[in-house]
Amino acid sequence: MKLMITGAKGMLGRTLLHYLDNHELIPVDLEEFDITDKTAVLDAFEEYKPEAVIHCAAMTAVDACESEPEKAHRINAAGSENIAIACQQHQARLLAISTDYVFSGELDRPYREDDATGPRSVYGESKLAGEEAVRKHCLEHLILRIAWLYGQGGPSFLHTMLRLGRAIGEPLKVVDDQRGNPTSADAIAAHLKLILEKPISGTLHLTCEGETTWYGFTREIFRLAGISREVVACKTSEFPRPAPRPANSSLEKSGLRQQGLPPMPEWKDALHNFMETYPNG
């Protein structure tokens, strides 16, 4: 099919281009059109005529969203609305990438697709508004929530830890009271290849299986990379940030099972495969 990927120069977008080359790909980023410009979006859809769109374009710098809320909502909410309207007008299926930040992070179990949302940051609020716009304006939609993403070339937490770990210095302090599902962009892309073949709509969670903390994630990264720098566990309160981080980012994948799709790989297996393929990230 003719498949448009917005945010094609981003980490997930680049990975999708590699995995989905069995389709006629239409990679777009700011050079092609600005998703916040409704006229430009509609003109681009008229030109490219996509049959499906994977909408990755977003403002994902969480702390920057906190200091620039209008920009965050313009890109993540209004931009997603423009894409959804264009998809509906052109009868294109829309697969929109969202985030664990739409939840409060306060539950003591993994979040299911139908759990109540309650974002605590501007980023989460803007992404939830984007979800709502997609549901309102495009009938044939699928929202895919991801979290703790890393992929070839970065930027990501993994790439930051590889850089810091290979430097000489004091033991690294890493937060050990936030938990989630470290997730490979390769694993997401492989599953999206299957999802595109099925007429699935609604909302799915698409993170790797199993959970850990940022501290546990770092320890495994260092083990696989052969990095010996010491890592020390610390609390979130020791690293105050402009945007609050969810204490619990773990996502339940019951939707995949209900759709008869294979489970996502275990996070340690996915990380091992990634580090073997991309030892420098």
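As the structure is a prediction and not an experimental result, all values here were calculated from the model.
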- prompt: Are Leu224 and Leu149 connected, step by step, through hydrophobic side chains (Ile, Leu, Val, Met, Phe, Trp, Tyr) whose heavy atoms are closer than 4.5 Å?
  reply: no
task: Examine the side chains of Asn181 and Thr183 and answer whether a donor and an acceptor come within less than 3.5 Å of each other.
output: no
query: Measuring from Arg257:CZ to Leu204:CG, what's the distance to the nearest 0.5 Å?
result: 11.5 Å
Test item: Asn248 side-chain N/O and Glu106 main-chain N/O as donor-acceptor pair under 3.5 Å: no
message: Under 4.5 Å between side-chain heavy atoms, counting indirect links through other Ile/Leu/Val/Met/Phe/Trp/Tyr residues: same cluster for Leu3 and Ile195 or not?
response: yes
Test side chain to side chain contact (heavy atoms under 4.5 Å, CB included) applied to Glu32 and Asp29, step by step: CA-CA 6 Å; Glu32 287 71 35; Asp29 216 297; 4.0 Å; yes
- request: Report yes if some heavy atom in the side chain of Leu16 is under 4.5 Å from a heavy atom in the side chain of Cys56; otherwise report no.
  value: yes
field: Val53 with Val134, same ILVMFWY side-chain cluster at under 4.5 Å
entry: yes
statement: Nearest heavy-atom contact between Pro110 and Glu211 is CG-OE1, 4.3 Å
- request: Report, as yes or no, whether the 6.0 Å neighbourhood of atom NE2 on His272 holds more than 12 heavy atoms from other residues, nucleotides or ligands.
  value: no
query: Can you find a heavy atom in the side chain of Tyr101 that is under 4.5 Å from one in the side chain of Val122?
result: no
query: In this structure, are over 12 heavy atoms from other groups packed under 6.0 Å from Lys193 atom NZ?
result: yes
message: Taking Ala58's backbone N and O only, do any of them form a donor-acceptor pair with Asn76's side chain (distance below 3.5 Å, no angle check)?
response: no
- prompt: From Ile75 CD1 over to Asn82 CG, what is the distance, rounded to the nearest 0.5 angstrom?
  reply: 12.0 Å
- request: Evaluate the side chain to side chain contact (heavy atoms under 4.5 Å, CB included) criterion for residues Val62 and Thr60: first the C-alpha distance (whole Å), next the side-chain angles of each, then the deciding distance (0.1 Å), finally the verdict.
  value: CA-CA 6 Å; Val62 177; Thr60 58; over 6 Å; no
task: Taking the side chain as every heavy atom from C-beta outward, state whether Cys87 and Ile83 have any pair of such atoms under 4.5 Å apart.
output: yes
- request: Assess whether side-chain hydrogen bond (donor to acceptor under 3.5 Å, both in side chains) is satisfied between Thr213 and Gln178, documenting all intermediate values.
  value: CA-CA 5 Å; Thr213 65; Gln178 298 171 26; over 6 Å; no
field: Pairwise distance CD1(Ile85) to NE2(His137) - rounded to 0.5 angstrom
entry: 4.5 Å
query: Between Lys235 and Asp177, is there a donor-acceptor pair closer than 3.5 Å when you use the side chain of the first and the backbone of the second?
result: no
task: Check whether any side-chain heavy atom of Glu209 sits under 4.5 Å from a side-chain heavy atom of Lys253, and report yes or no.
output: yes
Under 3.5 Å: donor-acceptor pair, side chain of Asp34, backbone of Ala40: no
message: Is there a side chain to side chain contact (heavy atoms under 4.5 Å, CB included) between Met59 and Lys71? Walk through the geometry before answering.
response: CA-CA 8 Å; Met59 182 176 179; Lys71 181 179 179 181; 3.9 Å; yes
query: Between Asp186 and Tyr19, do the side chains contain an N or O donor and an N or O acceptor separated by less than 3.5 Å?
result: yes
- request: Would you list the pairs meeting salt bridge (charged side-chain N to carboxylate O under 4.0 Å, His left out) in which at least one residue belongs to residues 48-66, sequence neighbours left out?
  value: Glu46-Lys49, Asp63-Arg241, Asp63-Arg245
statement: When every non-hydrogen atom of Met275 is compared with those of Ile221, the smallest separation belongs to CE-O, 4.4 Å
- request: Kindly check if the number of other-residue, nucleotide or ligand heavy atoms within 6.0 Å of NZ (Lys173) is above 12?
  value: no
- prompt: Any side-chain heavy atom of Gln88 sitting closer than 4.5 Å to one from Leu94?
  reply: no
- request: Return the set of residues passing side-chain hydrogen bond (donor to acceptor under 3.5 Å, both in side chains) with Trp267 (not counting sequence neighbours), or none when no residue passes.
  value: none
message: For the backbone of Gly281 and the side chain of His159, can you confirm whether one donor and one acceptor N or O come within less than 3.5 Å of each other?
response: yes
field: Path from Leu42 to Ile35 over hydrophobic side-chain contacts below 4.5 Å
entry: no
- request: Identify the two heavy atoms, one from Leu196 and one from Met1, that lie closest to each other, and give their separation to 0.1 Å.
  value: O-CE, 4.0 Å
- line: Minimal heavy-atom distance between Val41 and Ala86, with the atoms involved, is CG1-CB, 3.8 Å
message: Strictly below 4.0 Å, N to O, side chains only: are Lys9 and Glu31 in salt-bridge contact?
response: yes
message: Between Arg219 and Asp176 (salt bridge meaning N to carboxylate O under 4.0 Å), is one present in this structure?
response: no
- prompt: Looking only at atom types and distance, does a side-chain atom of His141 sit under 3.5 Å from a main-chain N or O of Cys138, one as donor and one as acceptor?
  reply: yes
- prompt: Hey, what do you get for OG1 (Thr117) to CZ (Phe103), rounding to the nearest 0.5 Å?
  reply: 7.0 Å
field: Under 3.5 Å donor-acceptor, Arg93 side chain and Pro199 backbone
entry: no
task: Please assess Ile200 against Gln258 for the test side chain to side chain contact (heavy atoms under 4.5 Å, CB included), listing each intermediate value before the final yes or no.
output: CA-CA 11 Å; Ile200 303 169; Gln258 291 167 5; over 6 Å; no
Modelled atom types, side-chain donor and acceptor of His18 and Thr15, under 3.5 Å: no
- prompt: Does a side-chain N-to-carboxylate-O contact under 4.0 Å join Arg223 and Glu220?
  reply: yes
statement: Rounding to 0.5 Å, atoms NE2 (His205) and CD1 (Ile143) come to a distance of 10.0 Å
message: Are Glu131 and Leu128 packed together at the side-chain level, in the sense that at least one heavy-atom pair is separated by less than 4.5 angstrom?
response: yes
- request: Examine Ile5 and Leu144 and state if one hydrophobic cluster contains both, with Ile, Leu, Val, Met, Phe, Trp and Tyr joined whenever side-chain heavy atoms are less than 4.5 Å apart.
  value: yes
field: Between His55 and Ser80: side-chain donor-acceptor atoms closer than 3.5 Å
entry: yes
query: How long is the gap from OG on Ser184 to CG on Asp269, to the nearest 0.5 Å?
result: 11.5 Å
message: Can you tell me which residue among Phe217, Trp148, Tyr215 is in a ring-ring contact (aromatic ring centres under 6.0 Å, His included) with Phe157?
response: Phe217
task: From the options Arg145, Arg135, Glu113, select the one residue that forms a side chain to side chain donor-acceptor pair (under 3.5 Å) with Thr203.
output: Arg135
task: Work out which heavy atom in Ala8 is nearest to a heavy atom in Pro27; give both atom names and the distance.
output: CB-CB, 3.6 Å
task: Answer yes or no: is there an ion pair linking Glu252 with Arg112, defined by an N-O contact shorter than 4.0 Å?
output: no
- line: Heavy-atom nearest pair, Leu206 first then Ile188, reads O-CG1, 3.6 Å
field: Glu68 side-chain N/O to Cys65 backbone N/O, donor-acceptor pair under 3.5 Å
entry: no
- request: Fit a plane to each ring of Tyr150 and Phe274, take the angle between them on a 0 to 90° scale, and name the class: parallel (under 30°), tilted (30 to 60°) or perpendicular (over 60°).
  value: perpendicular
task: State, with a plain yes or no, whether a side-chain heavy atom of Leu20 is found less than 4.5 Å away from one of Ile54.
output: yes
- prompt: Has Glu238 got more than 12 heavy atoms of other residues, nucleotides or ligands less than 6.0 Å from its CD?
  reply: yes
- prompt: Should Met11 and Arg14 count as side-chain neighbours, where that means a heavy-atom distance under 4.5 Å?
  reply: yes
task: Taking Tyr123 for its side chain and Val102 for its backbone only, find out whether a donor-acceptor pair lies under 3.5 Å.
output: no
